[in-house]
Amino acid sequence: MKEEWPGDCGLVLNEPLIFERGAKGRIGYSLPGLDVERANPENIWPRKWVRKDLEGFPEVSEVEVVRHFTRLSQWNYGVDAGFYPLGSCTMKYNPKVNEEVARLPGFAGAHPYQPEEISQGALTLMHHLESYLCEISGMGRVTLQPSAGAHGELAGMLMIRAYQTDQGNPRKKVLVPDTAHGTNPASSSLCGYQVVQVKSNERGVLFPQNIEEKMDEDVAAIMITNPNTLGLFEENICQVVEIVHGKGGQVYCDGANLNALMGLTRVGDMGVDVLHFNLHKTFSTPHGGGGPGSGPVGVKAHLADYLPIPTVTRDGERFRFDYDRPKSIGKVRSFYGNFGVLVRAYAYILSMGAEGLKRASLVALLNANYIRVRLKEYYHLPYDFPCMHECVFSDRLQNKFGVSALDIAKRLMDYGFHPPTIYFPLVVHGALMIEPTESEAKETLDQFIEAMVRIAKEAETDPGLLRDAPHKTKVSRLDEVLANRKPKLRWKP
Ligand SMILES: Cc1ncc(COP(=O)(O)O)c(C=O)c1O
């Protein structure tokens, strides 16, 4: 039988839980001696609240604690560890200067209740960030309140609903293309709208005639993701905007993929009425694992009255919060947004400058197209056109050998890469969605391409190797359904 803890191995890199480490009486930290009179807790609190012992509590030394958490941190994979081409998520490098700035005591220690007079620095930053986002996008005003892209969508759609209601009728439907991000139909539906799906054409983009057929006076808005989830620019967007506006609808643009457009074009100039930003993607703040994020929303002048309160206003040389906005949809979260993320995004914009942002988008496009062209001989490319910031392949060629997108993704881990997004977008069966971002050098892209080519060859010659992958990771293939349905979230002695 295989030993669980092989005695012939000096350093075992399997990490027990902290509760399973240590020994009775072992101490990691000594409190300084008491300089007040000792009190008996039982004389202060009700007896039922006073424990004699913390049962099962780990008793560990300092070095055990340090090693435990250091080892766990080394099992993590992140953008600071390697290439992370997770399509749709824009896992670009987060420059460390952003962290430095966010940690400045005046920002990090600011309290949301502190008076405006001593919050001028924070208010100035928010006001400037709003104007930079307006400049980059072509929108009129921006709220920084929403905490994520999906939250921004909800806020944006609530503003559209309020506007349509003021026009006399909130209307009933929202058009959502089949290439939109999944959060778009969810946000529309949360706002009480019926979602009407619009099919994209053979070029993977919106076809104006399809919009014309679905557009009527019951449609409140269309939600367009641009570039869409196929990584393609919605080349007919101006015609679509005209059709929707013609029937009194509003145009919402999901701007989470703005990393492809900075300095190159502005959706505001295309006639879009509402746009959300994913600061944590485009403007390079750390993300993943649920946040914190930031999803500001830009609107054109006719929707500015509906922005969440408070907005930040300039009064001469001072800045203040403006709560006196009777048409506002109200607050969409506590206080003013994820302020630390706003600081990081602001630092990123300032350190890049206008030229730097444009160059970031250009390199993101170049990198994605380089991968697209180099890999299309080995992987099926359902939409064989120049792409924007990401490219989408499918597993069709590998299916012949019984190999799926999941197997390819798992095998990539053996080559040391984070897998791409798989099975999304839904319009591509067995999708492999690769977003390299601008952060990567050509050598890294070449290594990744080499790994993908090898995997394509392995699929032909040794498909079993892929179906059982990964082989070199700490744990091999997990039963993801079981992990999802019956997660073990609590430790019991
Ligand atoms: C196109 C698009 N829209 C919306 C979202 C949702 O953003 P969030 O995850 O911040 O809610 C994402 C997320 O990556 C996205 O890629």
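Not measured: the values here are computed from a predicted model. Both ligands and their constituent atoms are indexed starting at 1 by order of listing. What you see below is based on every heavy atom in this structure, not just the backbone, and it leaves out hydrogens, waters and symmetry mates.
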Considering non-hydrogen atoms of the protein only, which is the closest contact for [atom], and what is the distance?
| atom | value |
| --- | --- |
| atom 14 (O) of ligand 1 | Ser88 O, 3.2 Å |
| atom 3 (N) of ligand 1 | Asp254 OD2, 2.6 Å |
| atom 11 (O) of ligand 1 | Ala150 N, 2.8 Å |

- Item | Is_contact(atom 8 (P) of ligand 1), protein non-hydrogen, under 4.0 Å |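 Neighbour list for atom 8 (P) of ligand 1 includes protein heavy atoms (cut-off 4.0 Å).
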
- Query: Is Arg161 close enough and on-axis enough to Tyr193, meaning under 6.0 Å and within 45°, for cation-pi?
  - Reply: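 Judged by the rule (NZ or CZ under 6.0 Å from the ring centre, within 45° of its axis), Arg161 counts as positioned above Tyr193.
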
- Item | Ring-face cation of Arg203 near Phe385 (centre distance under 6.0 Å, axis angle within 45°) |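 Yes; both conditions hold, so Arg203 lies above the ring face of Phe385.
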
- Query: Does a salt bridge link Lys247 with Glu212, judged by any charged N lying under 4.0 Å from a carboxylate O?
  - Reply: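 A salt bridge is absent here (no side-chain N lies under 4.0 Å from a carboxylate O).
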
- Is Asp414 salt-bridged to Arg411, going by a charged N under 4.0 Å from an acidic O?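 Salt bridge present between Asp414 and Arg411.
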
What about [X] and [Y], are their ring centers closer than 6.0 Å?
| X | Y | result |
| --- | --- | --- |
| Tyr113 | Phe335 | yes |
| Phe393 | His380 | no |
| Tyr346 | Tyr132 | yes |

- Show which atoms of ligand 1 fall inside a sub-4.0 Å distance from at least one heavy-atom site of Thr225.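 Answer, ordered by atom number: 1 (C).
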
- Item | Enumerated ligand 1 atoms positioned under 4.0 Å from heavy atoms of Ala148 |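 Those qualifying, in numeric order: 10 (O), 11 (O).
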
- Query: Can you tell me if His280 has a non-hydrogen atom under 4.0 Å from ligand 1?
  - Reply: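 Contact check His280 vs ligand 1: positive.
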
- Any non-hydrogen atom of His287 lying under 4.0 Å from ligand 1?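 Per 4.0 Å heavy-atom rule, His287 does not contact ligand 1.
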
- Task: Consider every N or O of Asn278 and every N or O of ligand 1, then say whether any pair is closer than 3.5 Å.
- Result: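 In this structure, Asn278 places an N or O atom under 3.5 Å from an N or O of ligand 1.
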
- Query: So which bit of Lys281 gets within less than 4.0 Å of ligand 1, heavy atoms only: side chain, backbone, both or neither?
  - Reply: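 Near ligand 1, Lys281 shows its side chain, while the N, CA, C and O stay back.
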
